[in-house]
Amino acid sequence: MPDPSTTRTTRTTATPGRRYRTAAPHTPRPTPAKESVTMSHPTAAPAQDRPALHKALETMVESGFTGVQLRVRDEHGTWSAVAGLAELGGNEPPPLDSPVRVGSNTKTFAATVLLQLVGEGSVGLDTPAADYLPEFGLDPRITVRMLLQHTSGIFNHTGEIYDDGSKVYGIPWSGREWVENRFQAYPPEELVRYSLERPVRFEPGADWSYANTNYVLVRLIIEKVTGRTFAEETGRRILEPLGLADTRVPSADHPQTDLEGPHGHAYYRYEDAEGQEQVVDVTRQDPSWVSTGGDMISTTRDLQTFITALVRGDLLPAPLLAEMYQTHDKVPYGLGVFVQPTGDGGTVITHNGGISGHGALMYATPDGSRTLTAAFNYVDDPDLSLATAFQQATAMLVAEVFGGGDAGPTE
């Protein structure tokens with residue numbers, strides 16, 4: 001049955017308005033009615049207005065994103081800003097450091113927890129995953145490392161796009177079918193069995209292909225080895241030690257259907273049974289369809305704290321960070337992170353993610369001296385119409401903060 005909040009409407013694109021700077025950090029001035037805004041919150045002295053970053057934010061709003069939050073830390077200090085709108089038809093920007101669903105940034109958290117278990121001797125990187133999860137009949141050649149690096153060859157339960165452009169669809173996660181059933185709960189074991197019932201993409205270790213199912217298996221290994229849920233283990237190992245008070249990890253008992261407090265709203269555009277275009281607020285949903293492939297909620301501030309702690313060695317010892325950063329020959333993907341080159345000959349450690357009208361970026365230099373985190377709310381659709389705009393805007397941000405280079409793959 002369709003959600004009662006579904007309403008017929010026309011496409012709305014926010015337009016950038018006047019800029020405002022705050023008299024004190026994180027204290028926005030009132031926003032003019034019916035006007036999208038860009039507001040900066042510098043915490044460095046002297047304050048840096050960062051016109052290039054403002055321009056990138058405005059470009060994202062002009063290209064169709066409803067709202068954007070940005071947080072940067074570099075030699076100039078910490079700078080944050082918001083632009084656009086929290087809600088279609090509203091007149092307020094998304095609150096700074098308000099929660100969003102961060103999509104595949106979840107994978108970096110999961111990889112960090114599993115690598116901690118490797119460091120403790122509870123899990124072996126090159127041990128067959130089937131040793132920990134015998135109930136699935138996994139190919140014994142698939143190792144834990146292959147799951148973390150997307151080289152297992154397992155069919156992606158959210159669907160596959162092959163090199164010739166052909167598609168094989170997975171469980172419903174887009175279009176009318178998903179919108180009308182977006183509160184359906186999927187146990188992670190069901191997602192794994194769904195994938196294993198379908199042909200493998202390639203033999204274990206023979207190639208690279210991004211698959212959310214790999215990280216569903218990572219979740220299950222963590223839970224099997226520790227005897228605790230992934231949410232509990234992530235909380236005790238990462239969230240609590242780092243004080244990530246605004247980060248949430250869904251579980252069967254607490255699916256995190258809602259976002260807490262004020263936030264930017266996520267939307268989805270689709271055609272109903274009569275062929276009429278609809279736009280619905282999909283902020284409320286059960287994200288278990290993607291599981292640990294991308295179900296977490298966080299903020300730009302918490303993501304900045306997490307990626308900084310990770311690259312500085314606060315969460316993993318140097319040998320395991322080196323394993324995490326060891327990339328595949330085909331794609332610069334290590335174990336839960338991309339390692340991307342920058343224009344000045346350096347690298348950034350990164351992941352990004354998008355899920356049904358919400359998205360997030362997470363970048364840091366290997367020493368943690370520069371970081372970029374961002375969050376978006378937008379109108380998603382089955383064609384992923386904002387994918388190109390997302391890539392272009394991300395490239396602008398990375399060029400300004402890290403000196404150019406490849407912004408990396410986007411979801």
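This one's a predicted model, so the numbers in the text were calculated from it and none came from an experiment. Values below: all heavy atoms of this structure, side chains included; hydrogens, waters and symmetry mates excluded. Throughout, residue positions are numbered sequentially from 1 according to the sequence presented.
- Taking 4.5 Å as the limit, every side-chain heavy atom of V102 sits out of range of all side-chain heavy atoms of I297.
- With 3.5 Å as the limit, one finds no donor-acceptor pair spanning the side chains of T373 and T300.
- Side-chain contact between W178 and E180 is absent, with no heavy-atom pair separated by less than 4.5 Å.
- The backbone N or O of L85 sits less than 3.5 Å from a side-chain atom of N377, completing a donor-acceptor pair.
- The shortest side-chain heavy-atom distance between Y363 and I307 does not fall under the 4.5 Å cut-off.
- Side chains of Y215 and H150 form a contact here, defined as non-hydrogen atoms less than 4.5 Å apart.
- Side-chain contact annotation: R71 with T78, donor-acceptor N/O pair under 3.5 Å absent.
- Residues H265 and D281 bring a donor and an acceptor atom of their side chains to less than 3.5 Å of each other.
- In summary, the side chains of H351 and T108 do not present any donor paired with an acceptor at a separation below 3.5 Å, with no hydrogens or angles considered.
- We find that E240 and R236 are not joined by a salt bridge, their nearest charged nitrogen and carboxylate oxygen being 4.0 Å or further apart.
- Under a cutoff of 6.0 Å and an axis angle of 45°, R182 and Y268 do not form a cation-pi pair.
- Salt-bridge annotation for E197 and R193: absent, with no side-chain N of the basic residue lying under 4.0 Å from a carboxylate O of the acidic one.
- Residues T127 and R145 fail the side-chain proximity criterion, which asks for heavy atoms closer than 4.5 Å.
- Electrostatic pairing of D272 and R176 does not count as a salt bridge here, judged by no charged N lying under 4.0 Å from a carboxylate O.
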As a quick check of understanding, evaluate side-chain hydrogen bond (donor to acceptor under 3.5 Å, both in side chains) for R284 and T257, giving each step before the final call. CA-CA 5 Å; R284 297 186 69 250; T257 303; 5.6 Å; no
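- Looking at Q116 and R237, their side chains do bring a donor and an acceptor atom within 3.5 Å of each other.
- Under 4.0 Å is where a charged nitrogen must lie from a carboxylate oxygen, and between D74 and R370 no such pair does.
- Between H358 and F376, the ring center distance fails the sub-6.0 Å criterion.
- Listed by chain and number, the residues in a side chain to side chain contact (heavy atoms under 4.5 Å, CB included) with T388 are Q392 (sequence neighbours excluded).
- Side chain to side chain, S356 and D380 fail the donor-acceptor criterion of an N or O pair below 3.5 Å.
- Side-chain N or O atoms of S291 include none that pairs as donor or acceptor with a backbone N or O of S288 at under 3.5 Å.
- When each of T292, T158, D295 is tested with N212 by the rule side chain to side chain donor-acceptor pair (under 3.5 Å), just one qualifies, namely T158.
- Between S385 and D381, the side chains place a donor N or O and an acceptor N or O closer than 3.5 Å (distance only, hydrogens not considered).
- Y378 and F65 have perpendicular rings, their planes meeting at more than 60° on a 0 to 90° scale where under 30° would count as parallel.
- In this structure, H328 NE2 and F338 CZ are separated by 12.5 Å, a value rounded to the nearest 0.5 Å.
- A donor and an acceptor atom, one from each side chain of Q69 and S98, are located under 3.5 Å apart.
- Relative to the six-membered ring of Y194, R198 meets both conditions, a distance below 6.0 Å and an angle of at most 45° to the axis.
- Side-chain atoms of Q304 and T371 form a donor-acceptor pair, as typed in the model, at a separation below 3.5 Å.
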Would K107 and N214 count as a side-chain hydrogen bond (donor to acceptor under 3.5 Å, both in side chains) here? Give the steps. CA-CA 10 Å; K107 293 180 174 73; N214 287 320; over 6 Å; no
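- Proximity of a side-chain donor or acceptor of Y267 to a complementary backbone N or O of T283 within less than 3.5 Å is not detected.
- Ring planes of H54 and W79: perpendicular class, angle over 60° (limits at 30 and 60°).
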